[in-house]
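This is a predicted model, so every value here is computed, not measured. Every chain is numbered from 1, with letters handed out A, B, ... down the list of sequences.
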There are 2 protein chains.
Amino acid sequence: MATVRKSTLSDVARRAGVSATTASYILNGRSAQMRIAPATQDRVLKAAADLRYRPNPSARSLRTSTTRTVGVISDLVAGGSFASQMLTGASAAARMLAHLIVIGESQGDPQLEALLVEEMLDRHVDGIIYATLATSEVSVPRPLRQQRVVLLNCVDRATQLPAVLPDEYEGGRTAVAELLAGEVPGEIHVVGEMSSEGGSLAGPLRLDGIRDALREAGRDLAGVLSCPWDVAPAFDVVDGFLRDGGRAAGLVCLNDRVALGTFQALAEHGLVVPDDVSVVSFDGSELAGWLRPRLTSVAIPYADLGARAVEMLLDTKEQGPSVVRVPMPVARGTSVLRAR
Amino acid sequence: MATVRKSTLSDVARRAGVSATTASYILNGRSAQMRIAPATQDRVLKAAADLRYRPNPSARSLRTSTTRTVGVISDLVAGGSFASQMLTGASAAARMLAHLIVIGESQGDPQLEALLVEEMLDRHVDGIIYATLATSEVSVPRPLRQQRVVLLNCVDRATQLPAVLPDEYEGGRTAVAELLAGEVPGEIHVVGEMSSEGGSLAGPLRLDGIRDALREAGRDLAGVLSCPWDVAPAFDVVDGFLRDGGRAAGLVCLNDRVALGTFQALAEHGLVVPDDVSVVSFDGSELAGWLRPRLTSVAIPYADLGARAVEMLLDTKEQGPSVVRVPMPVARGTSVLRAR
DNA sequence: CTGTTAGCGCATTCAT
DNA sequence: ATGAATGCGCTAACAG
C-alpha cells in the first residue's frame with residue numbers, strides 16, 4: 001500500500017522552472033497555439049518524464065467535469081458469451097480513445113437499471129451504452145434520454161437515439177448464399193419462430209433476407225418449422241416434421257441452439273449432415289465449432305458492435321440520430337454439402 | 001444534454017441555514033459522533049432531498065483519494081461465459097458495497113496488461129481483481145503487488161496474495177458422488193488430461209478428489225483417457241478407446257466440452273447415455289443443459305467467485321494472505337443411470 | 001454543537 | 001510567451 005508519493009503538476013513545473021500554467025499548456029499539447037518556446041517545452045516534458053508525472057484524474061474531472069469513462073448498461077443475465085465479446089470490443093475501442101469502461105448489469109430489472117443509470121450519471125461518465133442481449137425494441141429509462149447514449153443491439157422507436165445493430169437482413173441473405181454455394185437438391189426450410197417474443201427484431205429481418213435471396217436464386221422457401229429459439233423445442237419440431245414424413249435438403253436454423261436441436265433430431269432419424277441435409281445457422285457461437293460436422297453459422301459480430309458503439313458515443317462530430325448496421329461474417333463449417 | 005444544474009453541498013447548506021461542514025457531517029452519517037442537533041439534521045436532510053442533492057464523486061475523490069470503484073483485470077479472450085458470469089457476481093457485490101466495476105481485458109498480452117494496471121492505478125481504483133479464465137498459477141505484474149489485490153481463479157506462489165478459487169478437490173469428490181448415486185456396474189474412467197498445460201491447476205485437484213472418493217467407496221479408477229480439454233480431442237480418444245474394445249460404465253469428463261466429444265463418440269458406437277454409460281462432467285456450462293440427455297456437471301461458480309473476490313477486496317478487516325475455496329454446485333441432468 | 005479555514009490537483013482567465 | 005490568481009465540490013483540522 002506504500003504507494004510512492006505521486007508527483008503533481010506543480011512538482012513538474014517547479015522542476016522545470018516554470019509556472020504550473022505553462023506546464024499545463026505543454027502537457028496538454030497546447031504549446032502550439034500558445035506559442036511556447038521549444039526549449040521550455042523540452043524542459044517541461046523532461047521534468048514530467050523524470051518525475052513519472054501522471055495527471056490526477058479526479059482533479060481533472062473536478063475541473064472539466066469529464067471523466068474519460070463510458071458506462072455500459074446491459075440487461076444480460078449471466079451466461080452466453082454475449083457480454084464477454086461485446087465488452088471485449090468496447091473495451092478495446094475505449095482504450096484507443098483513452099477511456100475506461102464501467103459496467104452495470106440490470107438483470108432486466110427496471111428498478112435496478114434506474115439505479116445504475118443514476119449512479120453512472122452521478123459519476124459523470126462521458127456517455128452510456130445501453131445494450132440488450134436480444135436484438136429488441138426497448139424504452140430507455142427517462143434520465144438517459146437527455147444524455148449522450150448509444151443503443152447496442154436494440155432500438156427505441158420513440159426517441160430516435162443512435163443505435164448499432166447487426167445487419168440481420170444481409171445476414172439472412174448470407175445464410176442462403178452459403179447454402180446455395182453447395183448442393184441442395186431439395187426443399188429448403190427455416191427452423192425457428194418469427195414471433196417477436198421478447199421483442200426480438202432479428203427473426204423477421206433474417207427471414208426477409210432469406211426469402212429475397214432464395215427468390216433471386218430462383219428457389220423458394222418450402223416452409224418454416226416454427227419453434228422457440230432453443231435446443232429442445234427445435235428438436236421437437238424437427239423430429240415431428242421428420243416423423244410425419246417431412247423431408248428437406250436444406251435447413252436454415254435461426255440460431256445455433258436451434259441448430260443443435262436440429263442436429264439431434266436428424267441424428268435420431270439416421271440423417272447425416274451434410275450428406276442428407278445441409279444446415280446453416282445464425283450466431284456464430286462457440287457451439288457452432290463444437291458440433292460434428294462443424295456448423296456453418298452467420299455470426300453476430302458482438303465485438304464489432306461493442307467497438308462501434310463506443311466509437312459512435314465518443315465521436316465528437318455530434319452526428320444526429322443514426323442507426324448503424326454491422327455486417328455479420330460467416331463462421332464456415334462443413335455442414336453444407338459441397339457442390340459436385 | 002441539457003443536464004439540470006446539479007446542486008452542491010453548499011446549496012444544501014445554504015438552504016438549510018447551516019455551514020457546509022455541518023451539512024457534510026450530517027450527509028455522511030457522522031451526525032451521531034458529532035452530536036448534531038436532531039432539528040438541524042432534519043433540516044439538512046430535507047434540504048438535500050428537496051434539491052435532489054447528489055455528492056460530486058470527483059470532488060470527493062480528490063479529497064479522499066478513494067473512488068468507490070474496483071478494477072477487474074482479466075486475461076480472458078472473448079468467448080465463454082466466464083467473463084459474463086464472473087462480472088455479474090462482481091457487479092452485484094460491488095453494488096451492495098456502493099462501488100462500481102471498471103474493466104480491463106489484457107487479452108493475455110503482458111504489455112497491455114501493464115498499461116491497464118497503470119491506468120487503473122492512476123485513477124485510484126480502490127482495489128483490483130486479477131482474474132484468469134483457466135485456474136492457473138500466475139505472476140502478477142509488479143506494480144500490483146503493492147496494491148490491494150485479490151486474485152480470482154489463480155494463485156501467485158511468490159507473493160502470497162489473497163485469492164479465491166473453486167474448490168476443485170471437493171468438486172472431484174462431488175462428481176464421483178453423483179456417479180455413484182446411480183448404478184455404475186462396471187469400470188469408471190476419467191476423460192481429459194492432467195498435464196497442467198496452460199498452467200491449469202484444476203485437473204490434478206479434480207483427479208485427486210475423484211480418486212479419493214472412489215477409493216472410499218471401495219471402487220477404483222480404471223484409467224484416464226488422456227486428451228486436451230476440448231471437443232475433438234475427446235471424441236478421438238474415446239472413439240479410439242471404444243474401437244480398441246474398451247468398455248466403461250462410468251465416465252468422468254474433465255469439462256463439458258470433453259463431455260460433448262464423449263457423447264459424440266459414444267453415439268458413433270451406438271452407446272446410449274445413461275443406459276449403457278453414465279457420464280458426469282465439470283463446468284456447469286450452458287452446454288451441459290443442451291445435450292441429450294442433459295449432462296450432470298459439477299459447476300464452476302463463476303458468479304460466486306466474482307462476488308467473493310469483491311467482498312474480500314473491499315473488506316476492511318485487513319485480512320492477511322488467504323485463499324478462499326468456493327464450493328462447486330452440481331447442475332444435475334439425466335446422464336447418470338438411476339439406481340434400481 | 002457548529003462555523004472558519006484550508007487545501008486536494010488541475011485548467012483557465014486575465015494580466016504582463 | 002509566461003505567471004498569478006481563482007475555483008471546481010468536498011472533507012477535515014481547528015477553533016470557538
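In this entry the distance linking NE2 of B/H124 with C1' of C/dG9 reads 11 Å, nearest Å. Distance CG (A/L27) to C1' (C/dC10): 11 Å, rounded to an integer number of Å. D/dG9 atom C1' lies 13 Å from atom CZ of B/R14, rounded to whole Å. If you measure from atom OH of A/Y53 to atom P of C/dG9, you get 10 Å, rounded to the nearest angstrom. When rounded to the nearest whole Å, the span between CG of A/N28 and P of C/dC10 equals 10 Å. Here C/dC10 presents its P atom at 12 Å from CZ of A/R54, a figure rounded to the nearest Å. Spacing between atom CG of A/L9 and atom P of D/dG7 amounts to 19 Å, rounded to whole angstrom units. Atom CZ in B/R123 sits roughly 18 Å away from atom P in C/dG9 (whole-Å rounding).
Between A/R15 and A/D11 no salt bridge is recorded (no basic side-chain N to carboxylate O distance below 4.0 Å).
At a threshold of 4.0 angstrom between heavy atoms, the contacts of B/T40 are confined to the sugar-phosphate backbone, with no base atom among them.
Residues B/T66 and B/T64 have side chains that never bring a donor and an acceptor to within less than 3.5 angstrom of each other. B/Y130 and B/E113 are linked by a side-chain donor-acceptor pair at a separation below 3.5 angstrom, with hydrogens and angles left out of the test.
Listed nucleotides C/dT13, C/dA11, D/dT11 differ in distance to A/Y25; the shortest reach to its side chain belongs to C/dT13. Among the nucleotides D/dT11, C/dC10, C/dG3, the one closest to any side-chain atom of A/R63 is C/dC10. Closest to the side chain of B/R60, out of D/dC10, C/dG3, D/dG3, is D/dC10. Taking every side-chain heavy atom of A/V18 into account, D/dG3 is the closest of D/dG3, C/dG3, D/dC10. Checking C/dG3, D/dG3, C/dG9 against every side-chain atom of A/T8, the shortest atom distance belongs to C/dG9. Listed candidates were D/dC10, D/dG3, C/dA11. Nearest to the side chain of B/N56 is D/dC10. For B/T21, the side-chain atoms get nearest to D/dA12 when compared with the rest of D/dG9, D/dT2, D/dA12.
Between the side chain of B/S61 and the backbone N or O of B/P57, at least one donor-acceptor pair lies under 3.5 Å. Counting only distance, with no hydrogens or angles, the side chain of B/R68 and the backbone of B/A98 share a donor-acceptor pair below 3.5 Å.
Look at B/T22 and you'll find a side-chain N or O under 4.0 angstrom from OP1 or OP2 of C/dG3. In terms of phosphate contacts, A/S24 brings no side-chain nitrogen or oxygen within less than 4.0 Å of OP1 or OP2 of C/dC10.
DNA chain C is contacted by both B/S19 and B/A59; B/S19 maps to the nucleotide lying nearer its 5′ end (nearest heavy atom per residue).
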